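Just so you know, ligand 1 is whichever comes first in the structure, and atom 1 is the first atom listed for that ligand. What you see is a predicted model; the values in this text were computed from it and never measured. In what follows, residues are counted from 1 in the order of the sequence shown.
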Amino acid sequence: MSSLAVLHASQLVTLAGPKRPRVGTELSSLGIIFNGGMLVRDGKIESVGPSDEIEKNVGDADIMDARGSVVMPGFVDAHTHLVFAGNRLEDFERRSRGETYEQIAKAGGGIWSTVEKTRAASERDLLAQAKKHANWFLGCGTTTVEAKSGYGLTVEDELKILRVLRQLREEVPLEIVPTFLGAHAVPRNLSPDEYLDLVITEMLPRVTAEELAEFCDVFCERGYFDIDQSRKILSEAKKLGLSLRGHVDQLTNSGGAKLMAEMDATAADHLEQTDQQGIAALKKANVQPVLLPGSVYALGSSRYPRAREMIEAGLAVVLATDFNPGSSPTPSMPMILSLACTQMKMSPAEAITASTVNAAYNLNRGDKIGSLEPGKLANFVIFDCQDYRELAYWFGMPITHSLYVTGQRVVEL
Ligand code: NIG
Ligand code: FE
């Protein structure tokens, strides 16, 4: 039995609370223990409490003195596109000159340009780049990510990406929740209906037979997949036992939020253009909104999703990076906290709840991760600051920390 005692944390941010995603004022309740301690045995949290109490039961445990630090659960990032080849520096530069995401996509950049590079890359090279990305996430304090396919768009290339994700799980301590996003764009050589048919009759059955994904996602947007096409894909995925999520109402309000409610999805992601009716539909169906302010920022837009209205409506809001080469090249959850507070008027406490425990429930792992409570995995971060609000306050710099996955230190800065 290996054991570890973390003692004297200035703030032990437990997020202890009801065993479900947090809503309304619960989002502000972080369950902080000042001068807190935590005992870890065999990768799991055994007890949490005032440091003096924990110290009494330390026995032969290794001691980690967390004086002057914030200790909290590792971030859970519920929306990333972790596997891709290359980057999108040309798109970035064009946007800096004023072109829009849609204009650049039409002119040969956008998702398609990453698809070409990803198809051309070998599984080995993709894995090497994915490892680099995974280490960025760990370095920013994230211990679990959802990660999508979507830059392959042929049966073999989509499977290649999902297999890279499966291999990545073996090679890095980052926990990975895989999502099939075959419906990310329509490939150039096929009509939308031909491609839809391929996704439904070939990709989905292969992905589920090989158990390569837990979720199915779709980019429901003008010029990508419309409401009817999205519904067809998601219905089929549901029949095959996948949980559902979707990129909806990002650039236009197409009724995507309502579709996710109708489909009984686990998550509706983006929602920049979602109106009050969309919010009401999500509430009625108990769908969690996953807000991605990094993509709004990096696209140079100011149209952030209406986080306050969503919280007031009683939705269990989640925050994520949307890490991808086109619209959100950041793996940093602290950057997302900064944007959530400054641009969407969430409080630092709400933002932390949205990126830990609420995200864990969103990935169907609320019983294992997302808070520091007895019985959960000892996935936690130690930040070199004394107040959790500093994580959202300082921006554009890393706050040094160390990071633990199942009780083992995997990053030390
Ligand atoms: O979440 N909106 C669609 N997918 C990504 C962007 C992907 C890309 O541009 O490569 C997003 O913003
Ligand atoms: Fe995305």
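- Annotation: the span from Asp77 atom CG to Thr356 atom OG1 amounts to 12.0 Å, rounded to 0.5 Å.
- In this structure, a donor-acceptor pair under 3.5 Å is absent between the side chains of Thr252 and Asp249.
- The aromatic rings of Phe75 and Phe383 are tilted relative to each other, their planes meeting at an angle between 30° and 60°.
- Glu373 and Ser371 share a side-chain donor-acceptor pair at under 3.5 Å.
- Heavy atoms of other residues, nucleotides or ligands lying less than 6.0 angstrom from CD of Glu211 number 12 at most.
- Between Gln167 and the choices Arg169, Glu170, Glu171, the side-chain hydrogen bond (donor to acceptor under 3.5 Å, both in side chains) rule is met once, by Glu171.
- In this structure, the side chain of Tyr404 does not engage the main chain of Ile382 through any donor-acceptor pair within 3.5 Å.
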Any protein N or O within less than 3.5 Å of an N or O in ligand 1? List each pair with its distance, or say none.
unit_1: ligand 1; atom_1: 1 (O); unit_2: His247; atom_2: NE2; d: 3.0
unit_1: ligand 1; atom_1: 1 (O); unit_2: His270; atom_2: NE2; d: 2.9
unit_1: ligand 1; atom_1: 1 (O); unit_2: Asp322; atom_2: OD1; d: 3.0
unit_1: ligand 1; atom_1: 1 (O); unit_2: Asp322; atom_2: OD2; d: 2.8
unit_1: ligand 1; atom_1: 2 (N); unit_2: Gln250; atom_2: OE1; d: 2.7
unit_1: ligand 1; atom_1: 4 (N); unit_2: His184; atom_2: NE2; d: 2.9
unit_1: ligand 1; atom_1: 9 (O); unit_2: Arg88; atom_2: NH2; d: 2.8
unit_1: ligand 1; atom_1: 9 (O); unit_2: Tyr101; atom_2: OH; d: 2.5
unit_1: ligand 1; atom_1: 10 (O); unit_2: Arg88; atom_2: NH1; d: 2.8
unit_1: ligand 1; atom_1: 10 (O); unit_2: Arg88; atom_2: NH2; d: 3.3
unit_1: ligand 1; atom_1: 10 (O); unit_2: Tyr151; atom_2: OH; d: 2.6
unit_1: ligand 1; atom_1: 12 (O); unit_2: Gln250; atom_2: NE2; d: 3.2
unit_1: ligand 1; atom_1: 12 (O); unit_2: Asp322; atom_2: OD2; d: 3.0
unit_1: ligand 1; atom_1: 12 (O); unit_2: Ser327; atom_2: OG; d: 2.5

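- Around the Fe ion (ligand 2), the protein contributes the following N, O or S atoms at distances under 2.8 Å: His79 NE2, His81 NE2, His247 NE2, Asp322 OD1.
- His133 and His81 have their aromatic ring centers separated by at least 6.0 angstrom.
- For an aromatic pair to be called close, the ring centres must be under 6.0 Å apart, and Phe84 with Phe323 satisfies this.
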